[in-house]
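One structure is given here, and the rest of the page talks about it.
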There are 2 protein chains.
Amino acid sequence: MLTRATLGCYVFETGYIRVIAVSSIRELARRCGVSVATVSRVFNTPEVVSQQTRQLVLGMAAEIGYLPNESARTLATKKSNMVGLVWDTDHRRPGWRHPFLQDILVALKSALSAHGLHLLMLAPDPGAGPGDPRRFLRAVQRHNVDGVVIIDNGSRDPAVLALVDSEVPCVALDLRFTGPTCTYITSDNAGGGRLAGAHLIERGHRHIATITGPARNWPAAQRLAGFREALTEAGIPLADDDVVAGDFYLDSGHAAMTKLLARDPRPTAVFAAGDEMAVGAIKAIREAGLRVPDDVAVIGFDDIEVAALIPPGLTTVTQDKTGFGTAAAESLTAMLAGTATPPEPTTLPTTLILRGST
Amino acid sequence: MLTRATLGCYVFETGYIRVIAVSSIRELARRCGVSVATVSRVFNTPEVVSQQTRQLVLGMAAEIGYLPNESARTLATKKSNMVGLVWDTDHRRPGWRHPFLQDILVALKSALSAHGLHLLMLAPDPGAGPGDPRRFLRAVQRHNVDGVVIIDNGSRDPAVLALVDSEVPCVALDLRFTGPTCTYITSDNAGGGRLAGAHLIERGHRHIATITGPARNWPAAQRLAGFREALTEAGIPLADDDVVAGDFYLDSGHAAMTKLLARDPRPTAVFAAGDEMAVGAIKAIREAGLRVPDDVAVIGFDDIEVAALIPPGLTTVTQDKTGFGTAAAESLTAMLAGTATPPEPTTLPTTLILRGST
DNA sequence: CGGTTTCATGTAACCGATTACATCAGATGA
DNA sequence: TCATCTGATGTAATCGGTTACATGAAACCG
């Protein structure tokens with residue numbers, strides 16, 4: 001296909017690729033000797049147009065390189081086939097740096113593509129002030145965005161809530177937002193917490209601590225609840241001092257673990273509610289001259305890339321990142337199709353991944 | 001601000017936030033008793049409209065919640081304020097799994113936001129076949145996308161080349177595409193390679209191997225060239241068998257290192273042209289019962305998150321990810337402003353990050 | 001054979017902006 | 001005083017689609 005370079009610019013055997021002077025529906029109609037309505041029907045409701053005309057139009061369209069103009073369609077139909085993505089609303093702590101969320105984005109993008117939906121990363125409307133709670137809603141309205149996916153690190157930004165409370169269909173990922181036009185996708189966090197607890201117990205641990213997430217973070221709370229349940233069932237106590245909160249990022253895991261290692265007696269195993277924190281914990285354990293898993297066993301949550309890479313390999317509870325993407329795309333398309341009520345929230349199963357750290 | 005929850009749905013003191021029946025420019029003009037042209041001028045060329053009228057219109061606009069419709073503007077002006085993002089064109093090996101590219105995306109997004117540009121992640125045009133080289137170009141044309149940013153793992157997808165060769169302004173990241181409407185941003189890969197080589201030499205190594213990228217990958221070739229230069233200057237030979245190619249991903253680094261360890265005598269240091277490969281290499285070294293850096297020192301390239309996390313810490317050459325984002329946004333806005341020739345390619349400086357692996 | 005369906009297509013209004021051009025009042029200048 | 005310029009605004013065409021409604025031919029039917 002590729003033949004030679006001119007001007008540092010690759011060319012095809014078919015010649016220099018250039019943007020065709022995109023022709024309008026009227027031009028195409030004229031060339032075909034039919035009305036614009038007929039052409040429009042060929043692309044939107046082909047079944048009502050005769051076989052003959054359809055082929056004539058499609059053939060001519062291919063010949064002159066006709067492409068429907070999406071702006072004009074959006075203007076006429078008020079549907080844009082674009083899904084807005086809201087992220088990074090809190091600039092002090094950009095959620096996007098978190099590898100787990102990045103993985104989800106990848107999955108989301110391809111799931112939406114499969115439904116023919118484009119993903120528009122929304123910049124706050126420049127016409128609105130930085131504190132304006134409508135700054136995303138405004139952008140959404142201006143662009144006739146059909147629906148919105150919210151990926152946020154739980155900052156409860158008023159601008160996000162304004163979206164959730166609006167009439168725009170929303171799907172929140174890993175956040176519990178619901179409403180007449182909003183649903184959400186999460187993992188079975190409680191189940192995952194239970195898995196983690198049960199696994200450590202099964203490995204023979206009787207003094208188990210946990211590094212949990214921020215107190216008001218719902219997934220974190222669920223993970224803790226499930227974990228607690230597993231301990232209670234096994235009749236193992238969980239002292240208040242064995243529960244330390246982090247913020248899902250590395251340093252907080254390190255700090256929390258340092259605190260836990262100061263306990264006497266110190267726990268023989270730790271469940272960290274996020275892999276980044278688990279990695280931080282492992283670091284702290286090593287720095288204290290102790291070994292993982294011999295002195296302290298560590299289990300994480302998320303299964304981010306690093307988990308498999310750091311020695312001795314982090315045992316963790318994996319979340320179905322691809323599932324997040326496809327579930328979001330499906331919930332959203334259901335809402336776009338105009339169901340009376342939003343789809344039920346989706347809970348994705350979690351599974352245990354065994355590695356060397358336990 | 002936030003007061004109470006109903007239906008799991010947060011509300012504001014101002015009441016339930018709903019999408020206002022967005023009013024049109026005609027409605028606004030009517031309410032103000034002026035013509036639509038005047039209203040349009042208030043938003044686009046405020047300086048030609050009288051102070052008095054301007055305030056009247058702006059006040060009324062705020063009152064009725066008027067927001068200009070972007071589709072209509074795009075239709076009229078043929079400018080959409082949207083930048084298309086092309087990624088993941090090669091489905092067999094999604095570049096987006098690579099953390100380095102993910103970091104760049106984050107930077108790009110915020111740099112474009114600062115210029116008031118939205119980022120549209122392009123799905124291939126559904127009207128085109130999967131092999132159609134115009135599948136992205138078509139999507140770009142349909143949506144009146146102003147310009148395109150290309151982030152790709154060097155797969156040389158014809159669909160990407162079609163964009164580069166089109167009249168649409170393009171900026172390629174970490175890829176050397178140029179043309180009358182295209183420029184690119186890369187790191188100083190040769191300089192980085194030189195840094196890596198010089199560092200290992202300074203550490204006293206005299207038998208140094210390298211795990212390079214794919215042969216036809218330009219950044220990889222540059223890194224190798226710089227590395228070679230450093231060795232040559234120091235009078236240290238580089239045997240052909242000490243150069244093994246990988247594909248930037250983990251497993252290839254592991255495989256390459258395994259091959260290198262079989263050499264006799266085996267190299268005492270390795271420069272991997274990407275951090276993922278470096279991590280794979282470290283894994284292989286450990287599996288062989290050897291220690292890093294005592295038996296074999298390793299230096300990487302990229303400075304992805306893992307580099308800081310795996311013990312003993314990966315010494316690496318860092319790329320300026322934020323710089324990629326801002327440079328791309330600037331080059332693009334320059335082209336959108338309509339310069340005759342595209343801006344010169346940008347080369348971002350690389351620096352050495354010292355950690356435990358060397 | 002006339003009336004009713006059905007099917008394919010055309011006509012024209014509409015979506016919500018931009019902008020070339022026209023208009024007109026008031027200021028300027030000879 | 002009248003021609004000219006300037007500044008503010010209005011008129012109406014245009015961008016490229018969709019779609020309610022109208023039309024007309026062919027098929028069907030008793």
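All of these numbers come straight from a predicted model, not from anything done at the bench. Quick note on labels: first sequence line is chain A, next is B, and so on, each numbered from 1.
Taking 4.5 Å as the limit, some side-chain heavy atom of A:Leu85 sits within range of a side-chain heavy atom of A:Leu108. Using a 4.5 Å heavy-atom threshold, the side chains of B:Val86 and B:Ile151 count as separate.
The side-chain contact (heavy atoms from CB on, under 4.5 Å) test applied to A:Ser35 returns A:Ala37, A:Thr38, not counting sequence neighbours. Residues forming a side-chain hydrogen bond (donor to acceptor under 3.5 Å, both in side chains) with A:Asn69 (at least two apart in sequence, or on another chain): B:Asn144. A:Ala111 meets the side-chain contact (heavy atoms from CB on, under 4.5 Å) test with A:Thr326, A:Ala329; sequence neighbours excluded. Every side-chain hydrogen bond (donor to acceptor under 3.5 Å, both in side chains) that A:Ser40 has, sequence neighbours left out, goes to A:Asn44. Partners of B:Pro124 by side-chain contact (heavy atoms from CB on, under 4.5 Å), not counting sequence neighbours, listed by chain and number: B:Arg135, B:Phe136.
Under 4.0 angstrom from either OP1 or OP2 of C:dG10 there lies at least one side-chain N or O belonging to A:Thr38.
One interatomic measurement links the two molecules: CG of A:Asn69 to P of D:dG16, which rounds to 7 Å at whole-angstrom precision. Straight-line distance from the CZ atom of A:Phe43 to the C1' atom of D:dG16: 13 Å, rounded to whole Å. Put simply, CZ on B:Arg142 is 17 Å from C1' on D:dC15, counting in whole angstrom units. We find that CD1 of A:Ile25 is positioned 14 Å from P of C:dT11, with the value rounded to whole Å.
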- [ ] Test side-chain hydrogen bond (donor to acceptor under 3.5 Å, both in side chains) on B:Lys109 and B:Ser113 and set out the steps.
- [x] CA-CA 6 Å; B:Lys109 157 70 170 64; B:Ser113 285; 3.2 Å; yes

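Sorted by residue number, the members of residues 44-61 of chain A with any non-hydrogen atom under 4.0 Å from DNA chain C read A:Val48, A:Val49, A:Ser50, A:Thr53. Within residues 70-79 of chain A, the residues that have a heavy atom under 4.0 Å from DNA chain D are, in order of number, A:Ala72, A:Arg73, A:Leu75, A:Ala76, A:Thr77. For residues 26-36 of chain A, proximity to DNA chain C is found at A:Gly33, A:Val34, A:Ser35, A:Val36, defined as any non-hydrogen atom under 4.0 angstrom from a strand atom.
Among residue pairs with one or both ends in residues 115-130 of chain B, those qualifying as salt bridge (Lys or Arg N to Asp or Glu O under 4.0 Å) are B:Asp125-B:Arg138, B:Asp125-B:Arg142; sequence neighbours excluded. Residue pairs satisfying the salt bridge (Lys or Arg N to Asp or Glu O under 4.0 Å) criterion with at least one member in residues 30-47 of chain B, sequence neighbours excluded, are listed as follows: B:Glu27-B:Arg30, B:Glu27-B:Arg31.
Ranking D:dG17, C:dT9, D:dT11 by closeness to the A:Arg41 side chain, first place goes to C:dT9.
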Quick one: side chains of residues 53-60 of chain A, donor-acceptor pairs under 3.5 Å with protein atoms, not counting sequence neighbours, listed by atom name and distance.
residue, atom, partner, partner atom, Å
A:Thr53, OG1, A:Ser50, OG, 2.7
A:Arg54, NE, A:Pro46, O, 3.4
A:Arg54, NH2, A:Val49, O, 3.3

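The end-to-end axis angle of the helix from C:dC1-D:dG30 to C:dA30-D:dT1, rounded to 10 degrees and based on five pairs per end, is 50°.
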